Amino acid sequence: MKTLTKLATATALTAASVAPAFAETWDMPMAYSGSNFHSQVGAEFANCVTTGTGGEIEIETHPSGSLFAGNDIKRAVQTGQVPIGERLLSGHQNENPLFGFDSVPFLATSFEDSQKLWKAARPTIEDVLADQNLTLLYAVPWPPQGMYFKNEVQSVEDMEGVKFRSYNTATARLAELTGMLPVQIEAAEISQAFATGVAEAMISSGATGYDRKVWESLDYFYEVDAWLPRNYVFVNSDAWEGTSQENRDVMRGCAELAEYTGLWRSKEYTGFTVQGLRDGGMTVEAPSDTLRGELKQIGETMTEEWLEQAGAEGKEIVEAYRAMK
Ligand code: PCA
């Protein structure tokens, strides 16, 4: 009996010396499908943190809006229902126009420019989030945004009355200015929305069209390259402060790596998914000169509107970005 107790004590001690002093599981809701590169980068980030903190913080990702729908993720993190999450940054544009800095049409249309714009905007976005008790970790761009339709579209006139799936204020405004009817739908729901006719068109990346197999319902993808919106990963600041400096350093390191690999994957995924749309039977083309000209005009209107709404801070972001070009 005595020996047994000794043995048990020894085993417990051994276990204690390898297991972390305390271990927490951080559930991380994500809005997009598990196969999407953002979700994969998020899963790698989670592993990096779990390994790097020696298991003190174990991050468990929940893609596809399975834990919280995209629209509810920020609130869930702010209110501490979950400590960490990922969301489309411009999804909060209705709350504060500054969040829409990356969805201003034709302001930054390449990966290179998108990085410059992010560099210019990041300090402001970090401040806005900090005021909401949120700590920004990293952000990764989606590939350039193009327009999807059921029918061929040569000019804005052809868009009249089309039901247009929107994902933020900018996309809804684009629909209004082109005579379409905006309907806000999460990416996780779009295959069904197109199949049932709730929506007939959208602006998004080749990546999202590919992930959701939109060729089952839509036939045209126009490579408009309107902007590159970002997903970002953020932590409830109380949870952040509540963990050790060492763990925060690990999370910062993993976040930097995720931002770097995410950008790389986004670039790689662009050509692959656009080819995937073609293979699915879609016509993939540059917009006609007429359409391009009309969209540029609409873009100018939207840029003016955004600058007006986003005030001095918005103007500073655009000026800082232009100074880098
Ligand atoms: N895909 C996301 C946002 C931008 C993108 O390319 C979506 O359509 O919801």
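Note that ligands are numbered from 1 as they come in the structure, with each ligand's atoms numbered from 1 the same way. Source: prediction; values computed, not measured.
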Visitor: Is there a nitrogen or oxygen of S204 sitting under 3.5 Å from a nitrogen or oxygen of ligand 1?
Guide: yes
Visitor: E186 near ligand 1, heavy-atom distance under 4.0 Å?
Guide: no
Visitor: Can you tell me which residue and heavy atom of the protein come closest to atom 6 (O) of ligand 1, and the distance to 0.1 Å?
Guide: S205 OG, 2.6 Å
Visitor: Going by distance alone, is a donor N or O of one side chain under 3.5 Å from an acceptor N or O of the other, for W118 and D102?
Guide: no
Visitor: For Q145 and Y167, does a side-chain donor sit closer than 3.5 Å to a side-chain acceptor?
Guide: yes
Visitor: Can you tell me which residue and heavy atom of the protein come closest to atom 1 (N) of ligand 1, and the distance to 0.1 Å?
Guide: T208 OG1, 2.7 Å
Visitor: For the aromatic rings, using the six-membered ring if either is Trp, is the centroid distance between F45 and Y138 under 6.0 Å?
Guide: yes
Visitor: Suppose I only count heavy atoms of A187 and a 4.0 Å limit; which atoms of ligand 1 are within that range?
Guide: 9 (O)
Visitor: For residues T301 and R173, is any side-chain donor paired with an opposing acceptor at under 3.5 Å?
Guide: no
Visitor: Does the side chain of N168 come under 3.5 Å of the side chain of T171 through a donor N or O and an acceptor N or O?
Guide: yes
Visitor: Is the closest heavy atom of M202 to ligand 1 under 4.0 Å?
Guide: no
Visitor: Given that the side chain starts at C-beta and the backbone is N, CA, C, O, which of these parts of H38 lies under 4.0 Å from ligand 1, counting heavy atoms, or is it both or neither?
Guide: neither
Visitor: Taking 4.0 angstrom as the limit and counting only heavy atoms of Y32, give me the atoms of ligand 1 inside it, by number and element.
Guide: 2 (C), 3 (C), 7 (C), 9 (O)
Visitor: Tell me which protein heavy atom sits closest to atom 4 (C) of ligand 1, plus the residue, atom name and distance to 0.1 Å.
Guide: Q145 OE1, 3.5 Å
Visitor: In a check of side-chain contact (heavy atoms from CB on, under 4.5 Å) between W240 and each of L134, I84, N247, L137, which one passes?
Guide: L137
Visitor: Please name the residue in the list S33, S35, P29, S39 that meets the side-chain contact (heavy atoms from CB on, under 4.5 Å) test with P63.
Guide: S39
Visitor: I need the atoms of ligand 1 closer than 4.0 Å to a non-hydrogen atom of P229, numbered in the order shown.
Guide: 4 (C)
